[in-house]
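Take a look at the structure below.
Heavy-atom basis, side chains included; hydrogens, waters and symmetry copies ignored.
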Amino acid sequence: MKTLEMPQIVTGTNVERTPWKNEIHKKNLYAPILKKIEYWRDYTGTGELYRKEHDFDCLLTGGNLLADTLFSLWLPLRYTLNYYNCNLWNSWKEFEAEKLRLQKLGLKDCTDFLNELIDNIEVFLPPEELTTLLSELFELGQQRCNVIILPYRSWNSRRGCKPYYDYMPHFLYDLMNTESSIFLMAVSAWVKREHLEMFFNGSLDKCNLKDLADTGAVWRHSPDEINVKHLLRNYIDILRTRKSIMMNAA
């Protein structure tokens, strides 16, 4: 296989740039996104103690190792990068496919990419409506409302792997797709305890789960099918509602 050099900044992309009204707006728009990217870049340790003392979910829950992110922020970021589809992003995706995947790594694990994204964020994410939605999601997504307490730590990796890839409606659907009334009662109790009722239209039943990605079915959420704008708005609405409920319950 050919050796692929690290992608370089190119002049001109297929993204139209929008002039800034002022520098304050620019700073506010990108600040939540940059904060999270820097967190991913700087999270370099391993082990339970490091996670307890550095993992954002654990820090927001007093060091609870059962804590987990409700909505992964990496995937919405990636969907948005795909939506704008600038030339530099395409170069990095090629680098990922030809180099990183051989090491079982992705761009989230690549410090050079994360630094490139930080330094040239306006190229990757122009100041348009979708970036504004992404920014709002990242702002809410780094608060307690985006952290759940799992009943089992194994659910952390289970949710993140195939076929769920952190898409909560699909995960909840399969949890509730059971013949065991006892298990179903336990799942429903956990949903209520973690204030996840807003994933449902009405009663807590698998048939009432919301289609957050607008694909026609909660078990369909491949990147090429997802309505990114619809998904971001739904994620934001759920986190806003959950934040309000949790504040009132405190």
Side-chain angles (χ1 to χ4, degrees), residues 9 13-43 55-57 59-60 68-90 92-93 106-148 165-169 198-199 210 212-214 221 223 226-247:
I9 291 291
T13 70
N14 56 352
V15 172
E16 292 185 7
R17 303 293 296 281
T18 303
W20 290 107
K21 293 181 179 179
N22 56 66
E23 287 299 313
I24 295 177
H25 173 60
K26 174 182 176 180
K27 181 179 179 181
N28 290 341
L29 177 65
Y30 290 116
I33 303 172
L34 291 171
K35 179 182 177 182
K36 189 64 176 181
I37 297 170
E38 289 166 357
Y39 165 80
W40 287 326
R41 180 195 63 189
D42 298 338
Y43 192 95
D55 183 89
F56 207 64
D57 299 334
L59 292 176
L60 287 170
D68 193 20
T69 303
L70 176 57
F71 294 134
S72 163
L73 297 180
W74 170 252
L75 290 177
L77 171 61
R78 185 160 186 133
Y79 300 152
T80 307
L81 291 169
N82 283 336
Y83 176 88
Y84 288 123
N85 202 37
C86 73
N87 291 335
L88 190 54
W89 170 238
N90 285 322
W92 276 106
K93 284 196 294 183
L107 288 172
K108 187 181 176 184
D109 310 300
C110 180
T111 300
D112 289 324
F113 166 71
L114 296 177
N115 283 331
E116 184 92 277
L117 185 54
I118 290 168
D119 292 340
N120 299 282
I121 194 160
E122 295 172 61
V123 176
F124 287 96
L125 299 169
E128 298 173 4
E129 181 186 9
L130 201 62
T131 300
T132 301
L133 289 172
L134 186 71
S135 178
E136 185 172 359
L137 175 61
F138 269 64
E139 177 65 34
L140 288 165
Q142 295 175 79
Q143 300 177 34
R144 179 62 179 85
C145 59
N146 195 32
V147 179
I148 55 176
Y165 300 113
D166 286 320
Y167 187 61
M168 197 64 175
M198 64 287 298
F199 280 91
K210 294 179 180 177
L212 302 181
D214 193 29
H221 45 93
I226 286 173
N227 182 330
V228 182
K229 190 178 296 185
H230 191 82
L231 181 75
L232 296 187
R233 285 174 173 162
N234 279 324
Y235 278 11
I236 289 167
D237 287 345
I238 286 175
L239 291 182
R240 282 177 180 165
T241 303
R242 192 165 185 264
K243 180 177 180 179
S244 177
I245 291 172
M246 294 177 76
M247 289 177 64

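- Between P32 and E139, the shortest heavy-atom contact is CG-OE1, 3.4 Å.
- The minimum heavy-atom distance linking D57 with D68 is given by the pair OD2-C, 3.4 Å.
- Under the 3.5 Å distance criterion, the side-chain polar atoms of R242 are matched with a main-chain donor or acceptor of V147.
- The shortest side-chain heavy-atom distance between N146 and Y235 does not fall under the 4.5 Å cut-off.
- For the side-chain hydrogen bond (donor to acceptor under 3.5 Å, both in side chains) test with T131, the passing option among Y30, Y83, Y84 is Y84; the others fail.
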>> With side chain to side chain contact (heavy atoms under 4.5 Å, CB included) as the criterion, how do M198 and R240 come out once you've worked through the C-alpha distance, each side chain's angles and the decisive distance to 0.1 Å?
In response: CA-CA 10 Å; M198 64 287 298; R240 282 177 180 165; over 6 Å; no
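- Closest approach of L75 and Y165 over heavy atoms only: CD1-O, 3.1 Å.
- For the pair F124 and I33, the minimum side-chain heavy-atom distance is 4.5 Å or more.
- Looking at heavy atoms from C-beta onward, L231 lies out of side-chain contact with D214 at the 4.5 angstrom threshold.
- Taking 4.5 Å as the limit, every side-chain heavy atom of K210 sits out of range of all side-chain heavy atoms of N234.
- For Y39 and Y43, the gap between ring centers is short of 6.0 Å.
- The aromatic ring centroids of F199 and F71 lie less than 6.0 Å from each other.
- Across every non-hydrogen atom of L125 and T80, the tightest pair is CD2-CG2, 3.7 Å.
- Residue Y167 comes nearest to A213 through the heavy atom pair OH-N, 3.0 Å, listed as atom of the first residue, atom of the second, then distance.
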>> Quick one, M168 with I238, criterion side chain to side chain contact (heavy atoms under 4.5 Å, CB included). Give me CA distance, side-chain angles, the key distance, then yes/no.
In response: CA-CA 12 Å; M168 197 64 175; I238 286 175; over 6 Å; no
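- Atom NZ of K243 has 12 or fewer neighbouring heavy atoms from other residues, nucleotides or ligands inside a 6.0 Å radius.
- Under the 30°/60° scheme for interplanar angles, the aromatic rings of F113 and W89 are found to be tilted.
- No side-chain heavy atom of L239 sits less than 4.5 Å from a side-chain heavy atom of Q143.
- Atom CG in L34 sits 7.5 Å away from atom CG in L117 (nearest 0.5 Å).
- Taking the side chain as every heavy atom from C-beta outward, L107 and W74 approach each other to under 4.5 Å.
- Separating the CD atom in E136 from the CD1 atom in I236 is a distance of 4.0 Å, to the nearest 0.5 Å.
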>> I'd like to know whether R233 forms a side chain to side chain contact (heavy atoms under 4.5 Å, CB included) with N227, so could you lay out the CA-CA distance, the side-chain angles of the two residues, the decisive distance to 0.1 Å, and finally the verdict.
In response: CA-CA 10 Å; R233 285 174 173 162; N227 182 330; over 6 Å; no
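- K229 is listed as a side-chain neighbour of E129, based on a closest heavy-atom distance under 4.5 Å.
- Counting only heavy atoms from C-beta outward, the side chains of V228 and N82 never approach each other to under 4.5 Å.
- The two atoms that bring Q142 and F56 nearest to each other are O-CE2, 2.7 Å, heavy atoms only.
- Atom CD1 of I37 is separated from atom CG of D42 by 11.5 Å, given to the nearest 0.5 angstrom.
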